[in-house]
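Heavy-atom basis, side chains included; hydrogens, waters and symmetry copies ignored.
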Amino acid sequence: LKPFFAQEGHFWRWRRPPRVPRPGSARANAHRHAAMFGQPAGGGLFGGGAPAGGAFGGSGGMFGGGAAAFGGGGLVGQPQIKDPNTNQSAVVPSPPDDGISAIAWSPTANILAASSWDKSVRIWEVSPNGVVPKMAYNHEGPALCCSFSKDGQRLVSGGCDNKVRMKVLATQQEQVIGQHDAPVKEVFCVDEMNMVVSGSWDKTLRFWNCQQPTPIATLNLPERVYSMDVKFPLLVVGCADRHLLVYNLQNIQANPQPYKQGQTALKMQTRTVACFPDKTGYAVGSIEGRVSIAHIEDTSNNFAFKCHRSNEEIFAVNSIDFHPSMGTFSTCGGDGTFVFWDKENRQRLKQFNSCGLPVTAGKFNAVGDMFAYAVSYDWSKGHESNHPSLPKALMIHKVQEAEVKPKPGTNQRTRR
């Protein structure tokens with residue numbers, strides 16, 4: 001395997017894998033479903049399957065209706081629609097009607113949530129019986145983020161209505177627990193503190209106890225929040241102008257100042273940050289098709305590498321997520337691919353076929369045997385290119401151990 005770091009001024013120009021032909025029959029979809037889950041769909045963790053047509057009013061079968069699920073023809077002047085499922089993944093039914101901004105897995109069960117620019121936050125149950133849409137709720141503007149509580153009983157979300165909302169899954173009770181002065185870009189449950197923390201374009205972090213409408217604490221930031229991740233007690237915030245702040249949540253009441261503060265090692269705008277599972281560092285992805293691996297204490301092991309690039313174009317790294325047990329990680333890019341990496345041995349483990357449209361988000365489930373990813377427009381070419389007929393798809397890849405297991409003994413450790 002080629003290492004995924006390179007000498008300055010160069011990057012690996014690997015050949016894009018061939019596209020898998022678009023499935024042309026319901027039988028192909030049934031085979032994909034059987035390979036993923038083993039049985040037909042039905043039943044569910046929430047007690048009872050979804051009614052005919054799906055919980056969100058969609059139509060068709062559990063995994064769509066074959067090739068027609070993503071169109072085929074189109075009116076004159078519309079872009080040609082191709083099936084984005086080039087990796088033979090399981091297709092999540094009743095996806096959002098607009099771009100998918102974020103996805104989240106419950107820490108305690110295979111419950112999947114997604115926020116969308118169509119203002120909705122949707123929830124599905126994933127089981128051996130298939131993927132079943134369970135419930136949905138709306139913000140008053142595009143929903144930008146969502147996250148589960150540690151016990152998996154609550155889902156919090158934020159959006160362009162400037163509000164932080166909480167949904168209790170068991171009772172389906174919904175409430176507004178917080179308010180910012182600008183859109184809420186990131187939100188997380190910090191159960192160890194019995195609080196919810198949100199980051200906004202109003203240049204603040206705010207902590208909520210879900211009991212009162214005013215924040216328990218507000219921390220001012222140097223710029224707007226673009227990305228954030230929490231692995232208690234580590235909180236990492238990526239802001240505009242490449243600002244990055246690291247907080248220790250165990251000491252934040254006594255000392256609200258960041259433990260470390262500065263700018264990322266990358267040259268351009270931050271798109272995503274993700275904490276290491278062992279909480280010793282974090283990864284940063286940017287719009288320049290580059291990822292930085294940063295350690296909080298031992299900075300001698302820091303490095304950066306290029307990814308999600310072609311010979312002609314450079315694409316944004318839209319999402320980074322770490323495998324819960326292997327320590328390896330995924331990146332999702334504007335080039336339509338998602339890739340698994342080994343940071344310890346600095347190599348690429350697996351690159352998947354291009355979906356033909358940007359992959360806007362990707363997350364491993366709590367066990368690490370499923371990887372959910374979203375394919376939709378990522379606004380990189382402005383609103384003019386956001387055609388209504390473009391696919392908005394949410395899919396689940398069944399993770400094989402060989403795809404995410406580190407491969408020691410090949411570490412060349414060449415510095416950039």
Inset, instruction - Tell me, yes or no, whether the heavy-atom count around Lys231 atom NZ, taken from other residues, nucleotides or ligands under 6.0 Å, exceeds 12. - result: yes

Legend entry - Reference residue Phe148; test side chain to side chain contact (heavy atoms under 4.5 Å, CB included); the match among Ile111, Val156, Leu112: Ile111

Inset, instruction - Would you indicate whether the side-chain heavy atoms of Arg290 and Cys307 approach each other to under 4.5 Å? - result: no

Inset, instruction - Using atom types as modelled and distance alone, determine if a side-chain donor or acceptor of Ser120 lies under 3.5 Å from a backbone N or O of Asn138. - result: no

Inset, instruction - Evaluate the criterion side-chain contact (heavy atoms from CB on, under 4.5 Å) for residue pair Gln172 and Lys167; output intermediate values, then yes/no. - result: CA-CA 6 Å; Gln172 298 197 27; Lys167 184 83 167 182; 4.2 Å; yes

Inset, instruction - Using ring pair (Phe, Tyr, Trp, His ring centres under 6.0 Å) as the criterion, point out the one residue from Phe352, Phe329, Phe322, Tyr373 that pairs with Phe340. - result: Phe352

Inset, instruction - Calculate, to the nearest 0.5 Å, the distance between atoms CG and OG1 belonging to Asn209 and Thr214 respectively. - result: 8.0 Å

Legend entry - Between CZ on residue Arg224 and NE2 on residue His243, distance to nearest 0.5 Å: 10.0 Å

Legend entry - No-hydrogen, no-angle side-chain donor-acceptor test under 3.5 Å, His295 and Asn302: yes

Inset, instruction - Would you sort out whether Arg206 and Asp181 count as a salt bridge (Lys or Arg N to Asp or Glu O under 4.0 Å), showing the intermediate values? - result: CA-CA 11 Å; Arg206 299 187 182 184; Asp181 301 322; 3.1 Å; yes

Inset, instruction - Measure the acute angle between the ring planes of Trp208 and His180, then classify it against the limits of 30° and 60° as parallel, tilted or perpendicular. - result: perpendicular

Inset, instruction - With Lys343 as the cation and Phe276 as the aromatic partner, state whether NZ or CZ is under 6.0 Å from the six-membered ring centre and within 45° of the axis. - result: yes

Legend entry - Main-chain N/O of Lys163 paired with Asp161 side-chain donor or acceptor, under 3.5 Å: yes

Inset, instruction - Spell out, as yes or no, whether a donor-acceptor pair under 3.5 Å connects the side chain of Thr328 to the backbone of Val404. - result: yes

Inset, instruction - Determine whether the side chains of Thr331 and Trp341 contain a donor N or O and an acceptor N or O closer than 3.5 Å. - result: yes

Legend entry - Ala114 to Leu394 - nearest heavy-atom pair and separation: CB-CD2, 4.0 Å

Legend entry - Any residue meeting salt bridge (charged side-chain N to carboxylate O under 4.0 Å, His left out) with Glu312, in chain and number order, not counting sequence neighbours: none

Inset, instruction - State, with a plain yes or no, whether a side-chain heavy atom of Leu244 is found less than 4.5 Å away from one of Val284. - result: yes

Legend entry - Contact summary for Gly362 and Ser319, nearest pair of heavy atoms: N-OG, 3.3 Å

Legend entry - Asn345 (side chain) donor-acceptor with Gln347 (main chain) under 3.5 angstrom: no

Legend entry - Validation row: Arg122, Pro96 side chains within 4.5 angstrom (heavy atoms): yes

Inset, instruction - Quick one: pull up OG in Ser115 and CD1 in Ile100 and give me the separation to the nearest 0.5 Å. - result: 9.0 Å

Inset, instruction - Indicate the atoms forming the closest heavy-atom contact of Arg348 with Val339, along with that distance. - result: CG-CG1, 3.5 Å

Legend entry - 4.5 Å side-chain heavy-atom contact, Thr337 and Asn353: no

Legend entry - Interatomic spacing from SG in Cys189 to CG in Leu155 - rounded to 0.5 Å: 8.0 Å

Inset, instruction - Mind listing the closest non-hydrogen atom pair of Pro93 and Trp124 along with its distance? - result: O-NE1, 2.7 Å

Legend entry - Ion pair check, Glu192 and Lys150, cut-off under 4.0 Å: yes

Inset, instruction - Please report the closest heavy-atom contact between Val225 and Glu186, naming both atoms and the distance. - result: CG1-CG, 4.2 Å

Inset, instruction - Report yes if the side chains of Ser157 and Tyr137 come closer than 4.5 Å at any heavy-atom pair, otherwise no. - result: yes

Inset, instruction - Return the minimal non-hydrogen interatomic distance between Ala143 and Val121, and the atom names on each side. - result: CB-CG2, 4.0 Å

Inset, instruction - Check salt bridge (charged side-chain N to carboxylate O under 4.0 Å, His left out) between Lys203 and all other residues, then give those that pass, not counting sequence neighbours. - result: none

Inset, instruction - Consider only side-chain N and O atoms of Thr204 and Thr218, and report whether a donor and an acceptor are under 3.5 Å apart. - result: no

Inset, instruction - Establish, from distance only, whether the side-chain atoms of Asp118 and Ser116 form a donor-acceptor pair under 3.5 Å. - result: yes

Legend entry - Set of salt bridge (charged side-chain N to carboxylate O under 4.0 Å, His left out) partners for Asp191, sequence neighbours left out: Arg154

Inset, instruction - Mark yes or no for whether Asn318, through its side chain, and Ala361, through its backbone, hold a donor-acceptor pair below 3.5 Å. - result: no

Legend entry - Sub-6.0 Å ring centroid separation between Trp201 and Tyr226: no

Inset, instruction - Working to the nearest 0.5 Å, report the span between CG of Leu266 and CE of Met268. - result: 10.5 Å

Inset, instruction - Taking the side chain as every heavy atom from C-beta outward, state whether Ser200 and Asn162 have any pair of such atoms under 4.5 Å apart. - result: no

Inset, instruction - State, yes or no, whether a side-chain contact exists between Asn365 and Phe371 at a heavy-atom distance under 4.5 Å. - result: no

Inset, instruction - Supply the atom-to-atom distance Cys355 SG to Phe338 CZ, rounded to the nearest 0.5 angstrom. - result: 6.0 Å

Inset, instruction - Using modelled atom types only, decide if a donor and an acceptor are shared between the side chain of Ser330 and the backbone of Asp321 within a distance under 3.5 Å. - result: yes

Inset, instruction - Indicate yes or no for a side-chain donor-acceptor contact from Thr270 to the backbone of Thr272 under 3.5 Å, with no hydrogens or angles considered. - result: no

Legend entry - Ion pair check, Glu140 and Lys119, cut-off under 4.0 Å: no

Legend entry - Residue pair Met166 / Glu174, side-chain heavy-atom distance below 4.5 Å: no

